[in-house]
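As structure tokens, the structure follows; a few thoughts come after it.
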Amino acid sequence: MPAFGPISRCELIQALRSAGFSGPFSGGRHEFMVRDDIRLRIPNPHRSDISRDLLSRMLRQAGISRAEWEEI
């Protein structure tokens with residue numbers, strides 16, 4: 001679905017839901033999404049897109065490979 005690159009917060013949440021995550025839920029400073037025993041923090045909304053570097057780190061924490069991400 002989404003290409004591996006800068007992505008808006010809304011598109012990120014939609015893609016993570018397609019990957020089996022539920023949420024986002026309210027947390028302390030950040031919202032988070034959950035799948036099985038993985039709890040992934042979601043960046044706070046701001047004007048700019050989520051960078052490729054941050055997306056890469058989030059996908060690594062979520063256990064999603066780049067190939068899986070592009071197939072979502």
Side-chain angles (χ1 to χ4, degrees):
M1 178 178 156
F4 187 78
I7 188 171
S8 71
R9 183 177 188 272
C10 184
E11 291 173 330
L12 173 68
I13 290 171
Q14 289 175 350
L16 289 172
R17 283 183 181 156
S18 296
F21 281 84
S22 59
F25 303 104
S26 295
R29 293 185 180 183
H30 294 275
E31 292 182 335
F32 63 93
M33 296 184 78
V34 177
R35 180 180 73 182
D36 300 328
D37 61 340
I38 299 173
R39 183 174 172 168
L40 183 65
R41 282 188 293 170
I42 304 297
N44 290 326
H46 47 44
R47 291 184 212 158
S48 63
D49 288 342
I50 295 167
S51 70
R52 185 179 181 142
D53 180 51
L54 180 56
L55 177 62
S56 175
R57 286 183 275 152
M58 291 178 66
L59 294 180
R60 192 174 314 122
Q61 290 174 4
I64 300 173
S65 71
R66 183 174 175 172
E68 288 174 318
W69 175 255
E70 292 175 348
E71 290 177 6
I72 293 174

_A side-chain contact here means heavy atoms from C-beta on lying under 4.5 Å apart; do Leu12 and Met58 qualify?_
yes
Sequence neighbours excluded and cut-off under 3.5 Å, please list the side-chain donor-acceptor pairs for residues 20-45, or say none.
unit_1	atom_1	unit_2	atom_2	d
Ser22	OG	Val34	O	3.3
Glu31	OE1	Arg9	NH2	2.4
Arg35	NH1	Ala19	O	2.9
Arg35	NH2	Ala62	O	3.0
Asn44	ND2	Arg29	O	3.4

*side chain to side chain contact (heavy atoms under 4.5 Å, CB included) between Cys10 and Ile13: does it pass, once the steps are laid out?*
CA-CA 5 Å; Cys10 184; Ile13 290 171; 6.0 Å; no
*Return yes if some donor-acceptor pair links the side-chain N/O of Glu68 with the main-chain N/O of Ser65 below 3.5 Å, else return no.*
yes
*With the side chain counted from C-beta on, respond yes when Ile7 and Asp49 share a heavy-atom pair under 4.5 Å apart, and no when they do not.*
no
*asked:* To check you understand the geometry: which heavy-atom pair defines the closest contact between Trp69 and Leu16, and what is its length?
replied: CZ3-CD2, 4.3 Å
*Working to the nearest 0.5 Å, report the span between CZ of Arg57 and OG of Ser51.*
6.5 Å
